Structures are given as structure tokens and as C-alpha cells.
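Shown next, in C-alpha cells, is the structure this report addresses.
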Protein chains: 2
Amino acid sequence: MARLSDIIEEFLKSLINKEQGAVEIQRNELANMFNCVPSQINYVISTRFTTDKGYYVESRRGGGGYISIKRINIESAGDYLMHIISSVGDKISQHTCEIFIKNFVDYDIIEEREAKLMKAATSDKVMTDVPLDKRDSARATILKNMLMSLTID
Amino acid sequence: MARLSDIIEEFLKSLINKEQGAVEIQRNELANMFNCVPSQINYVISTRFTTDKGYYVESRRGGGGYISIKRINIESAGDYLMHIISSVGDKISQHTCEIFIKNFVDYDIIEEREAKLMKAATSDKVMTDVPLDKRDSARATILKNMLMSLTID
DNA sequence: CTATTTGACTATCCCTGACTATTATAAATT
DNA sequence: AATTTATAATAGTCAGGGATAGTCAAATAG
């Protein structure tokens, strides 16, 4: 018996296909459709529509709130970028990260200014609120999310 | 999904563009136009046309009252960035952050792609390694550091 | 053990309306 | 004519309600 989360995952994926790569849903509505608690939708999204798997998720609360899921555009992504995203791993040091970013510029994946932004966002300087043992992990998350954002639209 | 406040915001912004940076409206008239209570106009203005976001608002009550909204005149992008950097507090929510970033695009301070990077780097999605009570603080740090990086040649 | 499911609690956003504050103008008073 | 008072026409404030989504940890399933 397929678990409910798998069913919801399939439903969303086929919806994304039908809608050319992007859907906007309402959490409660979807939960209602599948007779589950709303937070299960969060579970499905956080386990199956992650950055690593090629999805970009945004949401908003309050009246008219929504959750939007976008699939990255493989065409515009470029093999190198996709390769990087999948090869960055769960952790990355500041130094390694800077080397990556420099390479992106060399390969004309990003502009100089974009490189500045990326370095600024992944610098140890901004990690003061992150526990020491999680900084390389946080850095990898930020780096990958930034790269992923460039592959959309 | 179409939040009325967003629609009113867009309406005002396009009006401001058309009128070269300044508009004068009447609260009741505008409220009437959008079938909402007058105080919603205050809500829109106080959440979207603040000083920090580059707008200057004046008003007058009584007969012939009005609300005037002016876009701040920016001499240089650098000045504006410095202004923003110093006005972003120690904490910032994801949504407020997105509004800031949207404004940078409106003001031609940054490109669309740069906006994507900044949003990606300050999204709640990347804060999983940051303790909950420190996420807004971490976000503010990242945002300011990115902005700072743009002011340097 | 790991993955899933659940639900109680929290956070955020928008919209509303009752009440308040201010201003201009007309009317009344001096 | 000047001043004061009353009235109408605005705009501002704030707390509350409804509509969403997020988080986390306990319970359950596989």
C-alpha cells in the first residue's frame, strides 16, 4: 500500500507537469483533498521537494496564503551548474565555497556582482548566529539555494 | 490569492511611476475604488510605503484632505544602499526582507537575477541550521553583508 | 530503527470597524 | 471686522477576528 505522502507527492508532481513546471497550492485545501492534517503537506514538501531534488518552494501565510512549488528549468540550468548543485554536498567550508564561486565567474555562469553577493552570503562573517558545528552545513544550504534560484524562470 | 493590499500597492506604484515619482490621493476615494474600508489604505501605506523602503508620505485631514506619497530621490545607488544598511535593524523577517529586495529592483539598484540570489540567501528555507529565535537576526546579517558587498568596487 | 502521521501550539498577514484627531468652512457672537 | 463656535469632511489609530502556513515532538506504521 502506497503511503499517503507518496500519493501526495505523485499528485503534486503530475500537477507540476501539467502546469509547465510551477504550481501554487493552498495547504489546507490540499490537506482536505487527501483527508490529512495540514502539516502533512509540510512533511511531503520538506522531504520530497527539496532544493537538492530540483525544486524551489516559496510560501506565504495569512489570508490568501499559498505554497508555490517550482521545478528548476533543466534547459537553462546548464550541466555545470547542475553538476555543482548536486556535488556541493551537505557541508562546505568558506574557502572551498569561494573557490567554487570564483569558478562560476570563470565559467561565465555568474557575473562579478553576483559573485560578490554569493560570497557575502556565505561568508563566515554572517554565521555568528549559527552554531559553530553547523556553519559549513548552513553555508552549503545557502550556496545551493542561491544556485538553484538562478535556474528558475 | 489576489490580496487586495497587494493590488492597491501595485496600483499606487504604477501611479507613482506614471506621475514621475509623486502622487496625491484621497483616502476615502481610493477605498471606494477598491471597495474596502478606508483604514485599509493606511494599512497598505504603513506596510509598503515606509521611509525605509524609499517613500515619503504626507497627509492632511479635514476638508480637502489628502495623502501624498513621494518616492525618495536617490542621488546614487551607493547612498541608498548605505541608507538601507543602516536602517535594517538587527532582525528582519523573511517577508520584510523580500519587500526590501523587491524595492531594490524597483529602484534599479539590483538586477532580477541578483534579487533571486538575495531572496534565496535570506529565505527561511536556508535557516534550518539556525536556531529558531536567531533566524531573523541571521537573515539581517546576511542581507546587510550582501548589500555591503555591492558598495565595494 | 526509520519514515510517516497527527495534532497542539505558534507565527503571520489581511481586513474591518469603532473610536479619535484634525482641518476647513459656515454660522454665530462680540 | 474680528473672533469664537459649530458642523462637516477628512485622515489616523488600534485592537480584534479570520484565514492561512510553520514548527515540533509524540504516536504509529513498516
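Sequence lines set the chain letters: A, B, ... in the order given, protein chains first and strands last, and positions in each chain run from 1. No experiment lies behind these values; they were computed from the predicted model shown.
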Check your understanding: Of the candidate nucleotides dT4(C), dA11(D), dC14(C), which contains the atom at the shortest distance from the side chain of R3(B)?
Key -> dC14(C)

Check your understanding: Where the side chain of S39(B) is concerned, which of dG7(C), dA11(D), dG17(C) is the nearest nucleotide?
Key -> dG17(C)

Study note, to complete from the structure: Closest of dT20(D), dT6(C), dT10(D) to the C36(A) side chain is dT6(C)

Practice item. Looking only at side-chain atoms of N28(A), point me to the closest of dG17(C), dT20(D), dT10(D). Key: dT20(D)

Study note, to complete from the structure: Checking dG22(D), dC14(C), dT6(C) against the side chain of Q40(A) (C-beta onward), the nearest is dT6(C)

Check your understanding: Does a side-chain N or O from R27(A) land closer than 4.0 Å to OP1 or OP2 of dT23(D), or not?
Key -> no

Check your understanding: Where the side chain of Y43(A) is concerned, which of dT5(C), dG22(D), dT20(D) is the nearest nucleotide?
Key -> dT5(C)

Check your understanding: Under 4.0 Å between a side-chain N or O of R60(B) and OP1 or OP2 of dA9(D)?
Key -> no

Check your understanding: Between E58(A) (CD) and dG22(D) (P), how many Å, whole number?
Key -> 12 Å

Review point. Is S59(B) near enough to dG12(D) that one of its side-chain N or O atoms lies under 4.0 angstrom from OP1 or OP2?
Key: yes

Practice item. When you get a sec, tell me which of dT10(D), dT4(C), dT5(C) is the closest nucleotide to the side chain of L4(A)? Key: dT5(C)

Point to revise | Y56(B) ring center within less than 6.0 Å of F49(B) ring center | key: no

